[in-house]
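Just below is one structure, and these are the notes that go with it.
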There are 2 protein chains.
Amino acid sequence: MTAGQIAKRGALTADDWTARALELLMDEGVSAVKISRLCGDLGVTKGSFYWRFEDLASLKESIAAKWCGDSTQMLAGLAELTTLEPWDRLRTMTVALVDERAWSVQRALREWARTDERVAATIAEGDVLAFDLIRRAIEELGVSARRARLRAGLLVYAGIGFVHGPSALFRPAIGDLDDLMDFLAGDAPTHAGVDQPPAT
Amino acid sequence: MTAGQIAKRGALTADDWTARALELLMDEGVSAVKISRLCGDLGVTKGSFYWRFEDLASLKESIAAKWCGDSTQMLAGLAELTTLEPWDRLRTMTVALVDERAWSVQRALREWARTDERVAATIAEGDVLAFDLIRRAIEELGVSARRARLRAGLLVYAGIGFVHGPSALFRPAIGDLDDLMDFLAGDAPTHAGVDQPPAT
DNA sequence: ACCTGAACACCGTTCAAGT
DNA sequence: ACCTGAACACCGTTCAAGT
């Protein structure tokens, strides 16, 4: 989507702006998403932007909607794959988390969400979907509903944290992923022992 | 630390700037940390700021150092409490995570860390310390070293994620915290069964 | 040594004027 | 309807000049 292609077509649509902004966000990070930069790339002046959008926040909302729409579709597609064992579904999701290209987008969206309710709502929708997929997969592994809920929450939050931490902490290896899955699938007795029916 | 108090003392120190900036970050969030705002609060002009600091990034680094110094001290203090059972140490740490006042600081620092290596190093130091404390506490609960490492990592990342997610997901209740601790302390058999010596 | 005051660059926002 | 062009506000940064 170059300036030349747009020029031939005539007027810029809101989606032209959003698409280019998302490209910039993925390729050069959040600091590249500026109105002046977009205008330069698209070959117009700032007034053109303000014809389509009320302000910068409005563009960010649009970016969030586009991004979440795409990734929701991906997650939904994964959920359809009932041919896959729950084990493999879980694994596919945890591996998807390693795609670094998506990280800067996620970080920016969560930051924007803090000052924009509509972005927050869009993001939350995706989070809940992921949580539910993971929760159900863990349940199918034979873990009780109550425990599956806790573990899914832990995993989702860990995923978010993993994306946000530059953390020279430890970058999990493939082997660690398997250990993680074992841990999530485990059915250890509770400390207080209240969660299991007596073995009569 | 009001403008009046400073004025009586004469010259502003670098720590005066850093302290006020940290206050602003905690009280009003990252958007309040601006040079012009600081100058207004401290009753001087911008030139005064640039006498003490090279640029804004330099101030951010200073804020990070101050904050991490404080919290490292807190963590170290907690580590000294060998009187506490590992169980209670873990609990104290997870509960400390619920102090919302610290969240905006953490989020800002991690964001700054992405474009400033020195901030990143300071943050990473604190992360590693927390990881180690948690890892050891879990080990003391009778979990193997290898497993403790994985679980500590999971918990640290979940903590970071918890702070970053506006996530209408689920805000864990007190009961969930206990369940979480049970889970971390559990010693479930591995899926492949390679981590345990045969029971001969 | 420490700060003022004025300038400049950059970016978001507005708006009258063009086609 | 869609965009230009010029203006303005705000903030980071610089620097000569003051004390």
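All values below come from the heavy atoms of this structure, side chains included, with hydrogens, waters and symmetry mates left out. Note on naming: letters A, B, ... go to the chains in the order of the sequence lines (proteins, then strands), and numbering restarts at 1 for each one.
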Query raised in the report: Any chance the rings of B/Phe183 and A/Phe183 have centres within less than 6.0 Å?
Result: yes
Query raised in the report: Roughly how far apart are A/Thr92 OG1 and A/Arg89 CZ, rounded to 0.5 Å?
Result: 9.0 Å
Report task. Stems involving DNA chain D: give each as a range paired with a range, ordered by first number, where a stem means at least three consecutive Watson-Crick or G-U wobble pairs under 3.5 Å. Result -> C:4-8 with D:12-16, C:12-16 with D:4-8
Requested in this report: Please confirm whether any donor atom in the side chain of A/Lys46 sits under 3.5 Å from an acceptor in the base of C/dG12, or the reverse.
Outcome: yes
**Report entry** All pairs passing salt bridge (Lys or Arg N to Asp or Glu O under 4.0 Å) where residues 47-60 of chain A contributes a residue, at least two apart
**Finding:** none
Report, one pair per line, the protein and nucleotides 17-19 of chain C atoms (nitrogen or oxygen only) whose separation is under 3.5 Å.
none

**Report entry** Interface with DNA chain D, restricted to residues 26-38 of chain B and to heavy atoms under 4.0 Å
**Finding:** B/Lys34, B/Ile35, B/Ser36
Query - Those residues that, when tested against B/Trp51, pass ring pair (Phe, Tyr, Trp, His ring centres under 6.0 Å) (two or more places apart) - result: none
Report task. Go through the structure and list residues passing ring pair (Phe, Tyr, Trp, His ring centres under 6.0 Å) with B/Phe49, not counting sequence neighbours. Result -> B/Trp17, B/Phe53
Query raised in the report: Between atom CG in A/Leu12 and atom P in D/dT4, what is the gap in whole Å?
Result: 9 Å
Report summary line: In whole angstroms, the gap separating P of D/dA7 from OH of A/Tyr50 amounts to 18 Å
Query raised in the report: Can you name the salt bridge (Lys or Arg N to Asp or Glu O under 4.0 Å) partners of B/Asp176, sequence neighbours left out?
Result: A/Arg149
For [X], give me all partners under side-chain hydrogen bond (donor to acceptor under 3.5 Å, both in side chains), at least two apart in sequence or on another chain.
{"X": "B/Glu125", "value": "none"}
{"X": "A/Asp132", "value": "A/Arg135"}
{"X": "A/Arg37", "value": "A/Glu28, A/Asp41"}
{"X": "B/Lys46", "value": "none"}

**Report entry** Short N-O contact, A/Arg110 and A/Asp127, less than 4.0 angstrom
**Finding:** yes
Query raised in the report: What's the verdict on side chain to side chain donor-acceptor pair (under 3.5 Å) for A/Thr13 and A/Asp16, showing C-alpha distance, side-chain angles and the deciding distance?
Result: CA-CA 5 Å; A/Thr13 70; A/Asp16 291 332; 3.2 Å; yes
Query raised in the report: So, do A/Leu184 and A/Val143 sit near enough that their side-chain heavy atoms are less than 4.5 Å apart?
Result: no
Query raised in the report: Listed in order of residue number, which residues of residues 51-65 of chain B have a non-hydrogen atom at under 4.0 Å from DNA chain C?
Result: B/Trp51, B/Arg52
